[in-house]
Amino acid sequence: MYTRGNLTFETDTLPAIAGVAETLVKDRCDNYLAGLWESELPHALGWCSHVPLNPHFGLHGNTRPLEFIAPTWSWASVKGPVSYGLPGCPRREPVATVVTASCDAAGPNPFGRILGAFLELETDVARIPVNQLAVNLRFRGAGKAYIKRVPDERFNWNLSLDVVAELFSAEGDFCLQCDSEFIVCALIDLTPQRDQDGLVTRNTGFRALALLPRNDGSYTRLGLVHGYWGTDGPMHRRAQFPERLVLKIV
């Protein structure tokens, strides 16, 4: 609900909830990272922009603040409504491991504005050629695209963009704002359906970060990927996410 509101100054996104975070940390013994709790990573990275199909939002939906507010892996890095999974979702099994998490506060209050932050994740990675990105024409205005999986397109991956304008021009044409020939998908977690013996009985869902490479070797977040495999999920996982790397995300 907080992200649906309008602040007078967008730089107040984190300071406006600093008091709440400061109260909560007393009972958590946790590290606060640009609106996220370190103990809830990597699952807390699974937020996505929530842009209803409403002409009021136009094509561009959520935007990036004009000034730096938060790293792209934080929900505070976009201006507009965001959402997490619905209550009652199957228990997720983490794949990514946090190697380093750093947040540089702008002042003495560690819960207020920040100057910069980065996150190093070790996880399974897939490099996706840009030509495998496709537009979901029906839901383009809500920032929906997908990643074509060849040859079996039944297992296409859905991509929810954080900011629509980073993938489409003002006219609605496909236009990735990046010079790279590929994006990187980094697994966050899995949602396997198991029977009482622990065997996978249904499709295994997964969530991954869609990342854009930068010239300095780090990455920025483009959106959130949802996909699934059949009951032979481990085989698909090894085939489609063949590398395990440490990625620096800013």
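This is a predicted model, so every value here is computed, not measured. Below, each value reflects all heavy atoms present in this structure, side chains not excepted, and no hydrogens, waters or symmetry copies.
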Taking the side chain from [X] and the backbone from [Y], do they hold a donor-acceptor pair closer than 3.5 Å?
X	Y	result
D30	S39	yes
T123	L187	yes
R221	L45	yes
W47	W73	yes
R207	L224	no

For the pair L41 and L119, evaluate side chain to side chain contact (heavy atoms under 4.5 Å, CB included) and give the outcome as yes or no after the intermediate values.
CA-CA 10 Å; L41 300 177; L119 187 67; 4.1 Å; yes
Which residue pairs pass the salt bridge (charged side-chain N to carboxylate O under 4.0 Å, His left out) test when at least one of the two sits in residues 208-220, sequence neighbours left out?
R214-D216
Give the cluster check for [X] versus [Y]: same hydrophobic cluster or not, with ILVMFWY residues linked at side-chain heavy-atom distances below 4.5 Å.
X	Y	value
L209	F118	no
W75	V98	yes
L247	V99	no

Locate the shortest heavy-atom distance separating [X] from [Y]; write the atom from each residue and the value.
X	Y	value
I183	A210	CD1-CB, 4.3 Å
A76	P65	O-CG, 4.5 Å
V250	S218	CG2-OG, 4.0 Å
S74	L36	CA-CD1, 4.4 Å
G112	L14	O-CB, 3.8 Å

Among residues at least two apart in sequence or on other chains, which ones pass salt bridge (charged side-chain N to carboxylate O under 4.0 Å, His left out) with D104?
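If we apply the salt bridge (charged side-chain N to carboxylate O under 4.0 Å, His left out) test to D104, skipping adjacent residues, there are no hits.
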Residue list, salt bridge (charged side-chain N to carboxylate O under 4.0 Å, His left out) with E38, at least two apart or on another chain
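For E38, no residue satisfies salt bridge (charged side-chain N to carboxylate O under 4.0 Å, His left out) once neighbours in sequence are set aside.
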Candidate pair V78 and V163, rule side chain to side chain contact (heavy atoms under 4.5 Å, CB included), full reasoning:
CA-CA 7 Å; V78 297; V163 176; 4.0 Å; yes
For F206, all residues meeting ring-ring contact (aromatic ring centres under 6.0 Å, His included), sequence neighbours excluded
W157, W229, F241
Contacts of F111 meeting ring-ring contact (aromatic ring centres under 6.0 Å, His included) (sequence neighbours excluded), chain-then-number -> Y32
Worked verdict on S49 versus D162 for side-chain hydrogen bond (donor to acceptor under 3.5 Å, both in side chains):
CA-CA 5 Å; S49 287; D162 295 343; 4.5 Å; no
Between L161 and L222, is the side chain to side chain contact (heavy atoms under 4.5 Å, CB included) condition met? List the steps.
CA-CA 6 Å; L161 298 169; L222 177 66; 4.0 Å; yes
With rounding to the nearest 0.5 Å, note down the distance linking [atom1] in [X] to [atom2] in [Y].
X	Y	atom1	atom2	result
I114	F68	CD1	CZ	4.5 Å
E120	L245	CD	CG	12.5 Å
N31	C103	CG	SG	10.0 Å
T220	L212	OG1	CG	4.5 Å
L33	E40	CG	CD	11.0 Å
K79	L66	NZ	CG	7.0 Å

Does [X] reach the side chain of [Y], with side-chain heavy atoms less than 4.5 Å apart?
X	Y	value
L121	V246	no
I128	V184	no
P71	S77	no
P129	E181	no
V95	L190	yes

For residues 12-31, pull every pair meeting ring-ring contact (aromatic ring centres under 6.0 Å, His included), keeping only residues two or more places apart or in separate chains.
none
Donor on one side chain, acceptor on other, D189 and H43, under 3.5 Å
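Looking only at side-chain atoms, H43 and D189 do form a donor-acceptor pair, the distance falling under 3.5 Å.
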Check against side chain to side chain contact (heavy atoms under 4.5 Å, CB included), T72 and I249
CA-CA 8 Å; T72 60; I249 312 170; 4.3 Å; yes
